[in-house]
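By convention in this document, chain letters (A, B, ...) are assigned in the order of the sequence lines, proteins followed by strands, and residues within each chain are numbered from 1.
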Protein chains: 4
Amino acid sequence: MPAQPTGRFQPPDVRRRQILDAVAALLLQDGYEALTISKVAARAGVAKGTVYLYFDSKQELLAALQAEMWGRMLEAPAALLERPELSWGDRLDGLVAAWVSAEQDHQELYHRLFHELGTAGDEPMGEARALLVRILTEGHEAGEFDVSDPELTADFLTHAYAGPCHHASGADVTAAVQGLFRRVVAAR
Amino acid sequence: MPAQPTGRFQPPDVRRRQILDAVAALLLQDGYEALTISKVAARAGVAKGTVYLYFDSKQELLAALQAEMWGRMLEAPAALLERPELSWGDRLDGLVAAWVSAEQDHQELYHRLFHELGTAGDEPMGEARALLVRILTEGHEAGEFDVSDPELTADFLTHAYAGPCHHASGADVTAAVQGLFRRVVAAR
Amino acid sequence: MPAQPTGRFQPPDVRRRQILDAVAALLLQDGYEALTISKVAARAGVAKGTVYLYFDSKQELLAALQAEMWGRMLEAPAALLERPELSWGDRLDGLVAAWVSAEQDHQELYHRLFHELGTAGDEPMGEARALLVRILTEGHEAGEFDVSDPELTADFLTHAYAGPCHHASGADVTAAVQGLFRRVVAAR
Amino acid sequence: MPAQPTGRFQPPDVRRRQILDAVAALLLQDGYEALTISKVAARAGVAKGTVYLYFDSKQELLAALQAEMWGRMLEAPAALLERPELSWGDRLDGLVAAWVSAEQDHQELYHRLFHELGTAGDEPMGEARALLVRILTEGHEAGEFDVSDPELTADFLTHAYAGPCHHASGADVTAAVQGLFRRVVAAR
DNA sequence: AATGAATGAGGCTTCATTCAT
DNA sequence: GATGAATGAAGCCTCATTCAT
């Protein structure tokens with residue numbers, strides 16, 4: 001798979017993007033173990049040394065990609081909190097929709113990224129969890145949900161949603177997962 | 001970390017155990033990436049070559065550990081299917097108890113093992129899933145559960161239970177997760 | 001034995017040559033069994049990894065050296081076939097001269113290389129043999145030689161010429177071997 | 001290929017033979033590079049340690065096999081020197097017959113053994129050469145041969161005879177090689 | 001005499017990272 | 001800013017040899 005035929009000189013953001021895209025593509029294609037800087041450079045159409053102009057190490061390169069992905073998972077649901085007209089159930093649905101969609105977009109990309117999370121990887125996951133905890137807590141306080149232990153339930157749901165994304169035969173996974181989330185938090 | 005002070009010659013099962021235990025300990029302690037045969041040997045108190053007397057390759061060593069863990073997760077719940085006096089809810093509770101306990105025993109050991117599953121790792125996971133699918137399906141047919149899509153729900157739950165096992169502050173995680181499972185499958 | 005004091009960066013051909021020369025030197029000095037990539041690198045004055053920049057594996061490194069040597073043995077004699085003014089005896093003499101000279105240059109280098117020929121090594125040997133078979137056959141048909149079984153005779157001579165190259169005390173080995181070849185093919 | 005079903009205790013010579021036979025068989029089958037003491041032991045039907053009861057090292061094991069083979073190549077031709085009724089040509093024929101037969105028996109066994117000859121291997125080769133030198137010299141002095149440089153000619157012939165043994169399509173290789181030897185030494 | 005589990009040095013190869021151009 | 005040849009530490013695995021039983 002040859003490099004994209006871009007010019008030799010590129011604006012920094014473009015180069016950065018090319019490299020991150022290359023990492024994502026390779027991760028999806030061959031998995032984490034097979035990922036090498038050489039391949040990333042080749043795929044991005046740059047020299048090996050160039051990768052190090054944009055990222056200090058392999059670790060940081062992966063961390064950057066991970067951070068990007070977490071961002072996509074957090075923005076949309078967080079925005080829903082600002083809209084007063086929504087019910088907590090709506091917000092939970094929105095969060096599920098965002099997460100399922102992110103998961104499906106990157107398929108297992110994010111799971112493959114879990115390898116190197118030992119260090120910095122925990123923090124963004126914490127943010128996602130915190131968001132869910134907040135929805136559960138406030139939804140419960142509003143009488144809309146029945147969640148006795150929001151933290152534990154958030155851990156449960158945080159792991160759960162990913163399951164159906166992979167195996168499921170297309171169909172409406174989002175709706176199905178939303179239904180399951182609703183069952184877990186349902187009042188009564 | 002010095003080797004366990006065992007004699008030079010050991011019965012084969014003992015050596016095998018020592019080595020597998022060393023792998024588990026190191027995996028928990030330092031993670032998958034940091035696992036080397038050298039460290040395994042040192043931790044097990046044997047020479048590097050000895051590891052290869054018992055396992056043909058690093059792959060097989062990890063596969064053996066994984067197989068062992070899946071066995072522990074499948075035996076007890078499968079046995080519950082044979083006991084006619086139990087309700088489907090009881091069986092589901094039993095499965096949760098076994099899985100949570102296995103998860104807590106090995107903490108993230110099993111998750112760290114997910115790296116090398118590309119090959120043989122899928123099969124046992126399939127068995128665990130199949131077991132859960134069966135419980136959900138038959139519980140639904142018996143009118144005890146309300147599960148419209150057993151496959152998808154199994155994928156959901158298969159991922160979900162692990163979440164609370166790690167973060168949760170001790171307490172009665174098992175009971176809590178059993179409760180969440182019940183909510184997901186609850187009739188009405 | 002310290003590395004040759006060459007600069008750190010070298011044109012690709014130069015580096016390639018340095019490495020091949022190092023292999024040849026070590027092979028002559030210590031034999032095939034003792035040949036390691038480490039020693040090759042040290043002798044060539046490069047890091048171990050550099051060897052793999054130029055050759056994909058130890059096998060290929062040896063194959064490259066072997067191919068080079070076969071080339072030297074085949075080019076000159078093959079050229080003689082194109083010159084109509086030569087008798088078949090002249091051509092046979094030319095072939096002997098080339099082979100003896102190649103053999104003496106590399107002494108037993110080529111014999112030590114015979115270890116790894118299992119794969120690609122047979123082919124070039126076949127070419128050398130084919131060349132000789134052709135000379136014997138056509139020389140016989142021209143009435144200049146008397147060779148009843150060219151194939152068998154070629155096998156005989158292909159092995160024979162190497163013998164005197166090593167032991168012989170300098171002198172004129174080439175002339176002597178030419179004389180022996182002439183005896184083997186002599187008409188009458 | 002399972003071990004020969006011999007009893008656990010064997011007279012020393014039998015064991016020794018079993019081990020040497022195993023080496024020869026493996027050498028022929030898989031080549032020198034693939035030869036390990038483990039395989040030798042397995043093939044001979046003994047434990048690895050047992051091999052070391054009979055041979056001090058791998059080197060010595062191979063040397064012993066080589067010595068045996070040289071013996072077979074030297075005994076018969078040397079005996080011919082004692083029989084006054086024979087011509088030198090007959091003796092040369094006898095030597096060729098013995099060498100070709102030995103070569104064919106072990107096919108390339110002896111060539112595969114040439115790898116480790118660096119040390120002790122030269123000596124027996126020297127004996128074979130000396131025998132041939134003597135035949136050439138005395139045959140020449142007797143006016144039966146015309147050999148101007150017996151040493152060089154011996155080196156030539158010592159290498160030559162092996163060529164036809166492998167490729168040749170059965171037939172009467174011995175006679176053919178005898179004919180070629182005769183041509184090389186022919187008076188006139 | 002025989003065993004075979006255990007050893008550990010050492011080989012091949014990979015790959016993150018550097019740096020002279 | 002970009003390059004890519006060069007580096008060398010470190011990993012996996014093999015196998016001749018030893019030694020307690």
Side-chain angles (χ1 to χ4, degrees), chain A residues 7-12 15 33-42 45-61, chain B residues 7-12 14-15 33-42 44-61, chain C residues 7-12 14-15 33-42 44-61, chain D residues 7-12 15 33-42 45-61:
Chain A
R8 171 160 175 171
F9 289 88
Q10 294 294 328
R15 269 283 130 86
E33 297 264 270
L35 188 75
T36 71
I37 296 291
S38 261
K39 290 186 194 165
V40 169
V46 300
K48 230 182 311 183
T50 305
V51 174
Y52 282 87
L53 291 179
Y54 291 89
F55 302 93
D56 284 345
S57 68
K58 196 185 183 186
Q59 285 279 326
E60 288 210 7
L61 175 53
Chain B
R8 171 164 177 169
F9 286 87
Q10 294 293 327
V14 174
R15 270 279 181 269
E33 295 267 87
L35 188 73
T36 72
I37 295 290
S38 265
K39 289 186 195 166
V40 170
V46 301
K48 229 184 312 182
T50 303
V51 175
Y52 286 88
L53 241 39
Y54 291 88
F55 302 94
D56 283 345
S57 67
K58 196 185 181 185
Q59 286 277 328
E60 286 210 8
L61 176 52
Chain C
R8 170 161 176 170
F9 286 86
Q10 295 295 327
V14 174
R15 270 277 180 270
E33 295 267 86
L35 187 74
T36 72
I37 295 290
S38 266
K39 290 186 195 166
V40 170
V46 300
K48 230 184 313 181
T50 303
V51 175
Y52 285 88
L53 241 41
Y54 291 88
F55 302 93
D56 283 344
S57 65
K58 195 185 181 184
Q59 285 276 328
E60 287 210 7
L61 176 53
Chain D
R8 174 161 174 167
F9 290 88
Q10 294 293 330
R15 269 282 130 86
E33 296 264 86
L35 187 73
T36 71
I37 295 290
S38 262
K39 290 185 194 166
V40 170
V46 300
K48 231 183 309 186
T50 305
V51 175
Y52 283 87
L53 291 179
Y54 291 88
F55 301 94
D56 283 345
S57 69
K58 197 186 182 185
Q59 285 279 328
E60 288 210 6
L61 175 54

- Item | Stem list, DNA chain F (Watson-Crick or G-U pairing under 3.5 Å, at least 3 consecutive pairs) | E:2-21 with F:2-21
- Query: How does protein reach along nucleotides 8-14 of chain E, written 5' to 3' as B (base within reach of a heavy atom under 4.0 Å), S (only sugar-phosphate), or - (no contact)?
  - Reply: B-BSSBB
- For F55(B) and E60(B), work out which heavy atoms get closest and say how close. CD2-O, 4.2 Å
Separation of [N] [atom2] from [X] [atom1] (nearest whole Å):
X	N	atom1	atom2	value
F55(A)	dT17(E)	CZ	P	13 Å
L61(A)	dA16(E)	CG	P	10 Å
E33(B)	dC15(E)	CD	P	12 Å

- Contacts of L53(C) and L53(D) projected onto DNA chain E by closest heavy atom; the upstream (5') one is L53(D)
- Message: Under 4.0 Å from OP1 or OP2 of dA6(E): is there any side-chain N or O of R15(B) that close?
- Response: yes
- Query: Can you find a side chain N or O atom of Y54(A) that sits less than 4.0 Å from OP1 or OP2 on dG1(F)?
  - Reply: no
Name each donor-acceptor pair under 3.5 Å that joins a side chain in residues 34-42 of chain A to protein atoms two or more places apart or in another chain, with its distance.
from: T36(A); atom 1: OG1; to: K39(A); atom 2: N; distance (Å): 3.2
from: S38(A); atom 1: OG; to: K48(A); atom 2: NZ; distance (Å): 3.4
from: K39(A); atom 1: NZ; to: A34(A); atom 2: O; distance (Å): 2.9

